[in-house]
Amino acid sequence: MPSVPKPEFLRRAIALATQNVVSGAGGPFAAVIVRDSRIVGEGVNTVTSTNDPTAHGEVNAIRAAAKALGTFTLAGCELYTSCEPCPMCLSACYWARLDAIYYGASAADAARAGFDDAFVYNELRKVSDQRQLRSMQLLADEAWASFQAWLDSPNKIAY
């Protein structure tokens, strides 16, 4: 169960986001991951400095925390992020099994600054053949082979 939010962790994320902009390293987004009242991972937005469109603050913080803790699941951890997560980062939080997300600025605030995630949220509501990004299933039977191998494997680690 999530603990009581601690503003000092959100202040740390906000400070990291501001410093990221001031230093010219990236966008105004940063996050920290906390377990047992201790920061176990931090991340800032490095999309432009690394030419990696997935290098959002939350994703970088998740990667840092998972590495520091030596695990792919962050159950028992909470995310403090300078801004409400975009659809990709929100999905990453679910995949990481975080217990809670606490954020400062809203998605509407991000949109006012020119970061509008509304388009992606709207696209996700559509069925795949109505989205602007073309998507088509191919080789479904052949592709099932990897799932069958997974189901048959005695060495799989469920996640």
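Criterion: ILVMFWY side-chain heavy atoms under 4.5 Å apart, direct or through other members. Under it, L74 and L79 are part of a common hydrophobic cluster. In the hydrophobic cluster analysis, where Ile, Leu, Val, Met, Phe, Trp and Tyr join through side-chain heavy atoms closer than 4.5 angstrom, L139 is grouped together with M136. Linking Ile, Leu, Val, Met, Phe, Trp and Tyr residues whenever their side-chain heavy atoms come within less than 4.5 Å leaves I101 and I39 in two separate clusters. Residues F29 and F119 fall into different hydrophobic clusters, defined by Ile, Leu, Val, Met, Phe, Trp and Tyr side chains chained together at heavy-atom separations under 4.5 Å.
The two residues V40 and C77 make their nearest non-hydrogen contact at CG2-SG, 4.4 Å. C86 approaches D117 most closely through the heavy-atom pair CB-OD2, 3.3 Å. When all heavy atoms are compared, the tightest approach of P85 to E58 is CA-OE2, 3.6 Å. The shortest heavy-atom contact between I62 and A96 is CG2-CB, 4.1 Å. Listed here is the closest heavy atom pair of A61 and A31: CB-O, 3.6 Å. Here the shortest heavy-atom pairing between L151 and W144 reads CD1-CZ2, 3.8 Å.
Classification of the F9-Y80 ring pair by plane angle, with boundaries at 30° and 60°, yields tilted. The aromatic rings of W150 and Y159 lie perpendicular to each other, with more than 60° between the two planes, well past the 30° mark.
Atom CD of Q137 is surrounded by 12 or fewer heavy atoms from other residues, nucleotides or ligands within 6.0 Å. Within a 6.0 Å sphere centred on NZ of K67, heavy atoms belonging to other residues, nucleotides or ligands number 12 at most.
Atom CZ of R131 sits about 6.0 Å away from atom CG of L124, to the nearest 0.5 Å. Going from atom CE of M88 over to atom SG of C93 covers 10.0 Å, rounded to the nearest 0.5 Å. Distance CG/N60 to CG/L16: 11.5 Å, rounded to 0.5 Å. E42 CD to I33 CD1: the interatomic distance, rounded to the nearest 0.5 Å, is 10.0 Å.
Checking side-chain atoms of E78 against main-chain N and O of Y102 turns up no donor-acceptor pair under 3.5 Å. Proximity of a side-chain donor or acceptor of R63 to a complementary backbone N or O of A55 within less than 3.5 Å is not detected. Using modelled atom types, one side-chain atom of S49 and one backbone atom of A25 make a donor-acceptor pair closer than 3.5 Å. Judged by distance alone, the side chain of N20 and the main-chain N or O of G27 form a donor-acceptor pair under 3.5 Å. With hydrogens and angles ignored, the 3.5 Å screen pairs no side-chain donor or acceptor of T81 with any backbone N or O of Y103. Side chain of T18 to main chain of I14: a donor-acceptor pair is present (N/O by atom type, distance under 3.5 Å, no hydrogens or angles). Panel note: side chain D116, backbone A118; a donor-acceptor pair is recorded below 3.5 Å.
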request  = Check step by step if side chain to side chain contact (heavy atoms under 4.5 Å, CB included) holds for N45 and F115.
outcome  = CA-CA 13 Å; N45 179 289; F115 298 93; over 6 Å; no

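A salt bridge links K126 with E123: at least one charged nitrogen is closer than 4.0 Å to a carboxylate oxygen.
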